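Working notes for the structure below.
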Amino acid sequence: MKFFIDTANLEEIKQAQDLGVLDGVTTNPSLMAKEGITGDKNVMQHYKDICAIVDDNVSAEVISTDFDGMVKEGEILAALNDKIVVKIPMIKDGIKALKYFSDKGIRTNCTLIFSAGQALLAAKAGANYVSPFLGRLDDIGADSFGLIEDIRLIFDNYGYETEILAASIRNTTHIVECAKIGADVMTGPLSSILGLLKHPLTDSGLAQFLADHKKAAGK
Ligand code: G3P
């Protein structure tokens, strides 16, 4: 399973990269705004800064919602760095843009996926990644893991190479369940990745090992 971090915070991206387990970064306009990154020039520089930290897979989202606008923005983003994956919303013109970029060999991530039908359509249009939003489905009481299972089944039925990028991850259970179902990628906050480290029996076990070592050494 690939691990992406879902943030535009450079310090958190560096921390995850330093762990040695990071495969990429996803951003969105809300995450960029949270870091106070505004204005085209600053936004472009921020994407370059992220690309300088990680090895690959930096999802950068277009703001336009019409085909021409998405193509123009996506081409500018893709030209910034080979690591950029153009993030396109699941709307009608977005499907056309996914096909356009697929034909040009520019990688894409189709975002705001909430149904298996949307994922199927994005895969047919040649998206490299589809991003179903788990946490937001949980928020409305919908079956988020069932959606991942359905998309996995459909993609496997037809051999689609589009990767399932489980997004809106909120906790470690989301990550582990997605790994069991077979999501290709998860993107979550740093806390969700670091949360995988934790178990109280690990803490108490280590404390006991160290105490026994100290006793045996007569310290
Ligand atoms: O980047 C898209 C997605 O991961 C957003 O997550 O927590 O805002 O629902 P969240």
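Any value given below was found using the heavy atoms of this structure, including those in side chains, with hydrogens, waters and symmetry copies removed. Everything numeric here is computed off the predicted structure, so don't read it as measured data. Indexing begins at 1, ligand by ligand and atom by atom, following the structure's order.
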Numbered in order shown, the ligand 1 atoms found under 4.0 Å of a heavy atom of D6 are 1 (O), 2 (C), 3 (C), 4 (O), 5 (C), 6 (O)

Atom 6 (O) of ligand 1 sits nearest the protein heavy atom S168 CA, 3.3 Å

Less than 4.0 Å between a side-chain N and a carboxylate O, is that true for D56 and R107?
yes

Pull out every atom of ligand 1 sitting under 4.0 Å from any heavy atom of K87, numbered as shown with elements.
1 (O), 2 (C)

If the cut-off is 4.0 Å to any non-hydrogen atom of A167, which atoms of ligand 1 fall inside it?
4 (O)

Residue, atom name and distance, where the atom is the protein heavy atom closest to atom 8 (O) of ligand 1:
R136 NH2, 2.8 Å

Any carboxylate oxygen within less than 4.0 angstrom of a Lys/Arg side-chain nitrogen, looking at D68 and K72?
no

Salt-bridge contact R152-E149 (side-chain N to carboxylate O under 4.0 Å)
no

Given salt bridge (charged side-chain N to carboxylate O under 4.0 Å, His left out), test D18 with K14 step by step and report yes or no.
CA-CA 6 Å; D18 284 350; K14 276 180 201 153; over 6 Å; no

Of all heavy-atom pairs between C51 and N81, which one has the smallest distance, and what is that distance?
CB-ND2, 3.5 Å

K34 and ligand 1 - part of the residue with a heavy-atom distance under 4.0 Å
neither

Sort out for me which residue in N57, T108, T26 forms a side chain to side chain donor-acceptor pair (under 3.5 Å) with Y129.
N57

Starting from atom 7 (O) of ligand 1, what is the nearest protein heavy atom, named by residue and atom, and what distance separates them?
R170 NE, 3.3 Å

Do you see a donor-acceptor pair shorter than 3.5 Å between the side chains of E61 and N28?
no

Tell me which protein heavy atom sits closest to atom 2 (C) of ligand 1, plus the residue, atom name and distance to 0.1 Å.
F133 CZ, 3.3 Å

Polar contacts were defined as any N/O atom of the residue lying under 3.5 Å from an N/O atom of the ligand; does this apply to T187 and ligand 1?
no

